Amino acid sequence: MKHFFSFSEPVQKLAEAAEARAKTHFDQINQITEYNQQKVLSAFIHNRVDEACFGATTGYGYSDRGRETLDRVVAETFGAEDALIRHSFSCGTHTLGVALFGVLRPGDVMLSVTGRPYDTICPVIGIAGQKGQGSLADYGIGYQQVDLTPEGKPDLAGILDALRSNPAIKMVYLQRSRGYTLRPSLSVEEIAQVAETVKKVSDAVIMVDNCYGEFVQTSEPTEAGADLIAGSLIKNPGGGIARCGGYIAGKKEWIEQCAYRMTVPGLGREVGATLGNNRDLFMGFFNAPHVTGEALKTAVFAAALFEEMGFLPTPGVEEPRRDIIQALRLQTPENLIAFCRGIQSGSPVDSFVSPEPWDMPGYPCKVIMAAGAFIMGSSIELSADAPLRDPYAVWLQGGLNYHSAKVGILRAAEEVLKLQ
């Protein structure tokens, strides 16, 4: 590294200590990566992926062989009955919205059991103050929530009470990742406990926002009782290759309903030209387990480094990983901005620009984002973002490969140290 980048002696010493600690966890990450990579390879082989799957369709997109094959590959990989994976999902929020509107009907109630959901999904539900935009609330769909326990765990007793007191609850919704909070992300095992609890008293559809969690463990929520999961292809499952898109996987009956919302009733999944995007989606999904492993290594190293610097990471170095996100409490807005500028300066794209906090659509306060990425907004590539509000924590994620992401982390550390 010294041949191309220079760092101060304090940062070099901190980096050596941090990497020594981080490497003890890399073997476990490699084992999970290998398992998941072989699982994906098996699904490709079993579903007979061939060159013809990469062809483009136009117009209506009828009988798109690649589109149909990729749906089966994703479903098999995630242990689901069926799946939809499409470049036409514009982002994770759009994908989640399709699933919510696909399942819920006027008079139904959505129960969030991980507290208030991520900022950008709140307007979709209708709990962010907007009216008349076509939210769930505008269509007469109710919302309730059960907060997590003080330890950040699902409140199983509270979930049971909510279900027993309101038979209109049609969906139990879980957000696997922490979002802009410092609570722990959910493990597949914790999601299984929620599913088991719900099924004791209700037939409600269990839906999981799986963003940032794919391929972090050796199983997915659909293998643990979830009826639906959804996520973005510019996060883990796109492998840094898919340029846009999202997926929904789960029970066949609910995937069919989601397909009718994705297009229109009567047509569903039978239409939708792929326009030459199939190759990127296949390659990205195939590459996803490996890239997710690299992102996890990056997160562990960042946690170790900033802990050595005296900051509080969450999760800590020794804690299990349930998603690719690493939160760091940086204590002041100045540290937060310096961190993001350091990440940007170590990026392969737009390294020369300086990120500034701005009013980003869907967020209630100014947000700063560092993302020198090949794909705009990709959070499987090294990126960092944070709302400028107390506790001035930054949420770091991604890294197409550990060796280059490490440079970005060190540049961020260098910038923060200048302020100390």
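None of the values given here were measured: they were computed from a predicted structure.
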Output side-chain donor-acceptor pairs under 3.5 Å for residues 386-394, partner residues at least two apart or in another chain, one line each.
none

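- Two rings, from Phe301 and Phe26, have their centers 6.0 Å or more apart.
- Put simply, the side chain of Arg322 never gets that close to the backbone of Val188: no donor and acceptor are under 3.5 Å apart.
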Between Arg86 and Asp71, does the salt bridge (charged side-chain N to carboxylate O under 4.0 Å, His left out) criterion hold? Intermediate values first, please. CA-CA 9 Å; Arg86 297 291 185 274; Asp71 284 347; 2.9 Å; yes
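- Using cut-offs of 30° and 60° for the angle between ring planes, the Tyr180 and Tyr118 rings count as tilted.
- Contact annotation: the side chain of Val113 never approaches that of Pro154 to less than 4.5 Å [non-hydrogen atoms, C-beta and beyond].
- For the salt bridge (Lys or Arg N to Asp or Glu O under 4.0 Å) with Arg176, the qualifying choice from Glu220, Glu190, Glu214 is Glu220, the only one to do so.
- Using cut-offs of 30° and 60° for the angle between ring planes, the Phe54 and Phe282 rings count as perpendicular.
- Between the side chains of Asn47 and Glu76, at least one donor-acceptor pair of N or O atoms lies under 3.5 Å.
- Of the possible polar contacts, one joining the Asn278 side chain to the Cys53 backbone as a donor-acceptor pair under 3.5 Å is found.
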**Message:** Set out, in order, the CA-CA distance, both residues' side-chain angles and the distance that settles salt bridge (charged side-chain N to carboxylate O under 4.0 Å, His left out) for Asp227 and Lys252, then state yes or no.
**Reply:** CA-CA 9 Å; Asp227 298 304; Lys252 196 171 188 65; over 6 Å; no
Would Arg72 and Asp82 satisfy salt bridge (charged side-chain N to carboxylate O under 4.0 Å, His left out), going step by step from the backbone distance to the final call? CA-CA 7 Å; Arg72 293 195 298 270; Asp82 201 357; over 6 Å; no
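- Phe339 is linked by a ring-ring contact (aromatic ring centres under 6.0 Å, His included) to Phe306, counting only residues two or more places apart in sequence or in another chain.
- Distance alone, capped at 3.5 Å, is enough to place a donor-acceptor pair between the Glu381 side chain and the Ile375 backbone.
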Task: From CA spacing to verdict: side-chain hydrogen bond (donor to acceptor under 3.5 Å, both in side chains), Thr274, Thr57 - done: CA-CA 5 Å; Thr274 51; Thr57 54; 3.2 Å; yes
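- Under a cut-off of 6.0 angstrom, the local environment of CD in Glu68 is crowded, with over 12 non-hydrogen atoms contributed by other residues, nucleotides or ligands.
- For the pair Lys297 and Tyr402, the cation-pi test (distance below 6.0 Å, angle within 45°) is failed.
- Two residues are said to be in side-chain contact when any heavy atoms from C-beta on lie closer than 4.5 Å; Val103 and Met207 fail this criterion.
- Looking at Asp50 and Arg65, a side-chain N of the basic residue comes within less than 4.0 Å of a carboxylate O on the acidic one, giving a salt bridge.
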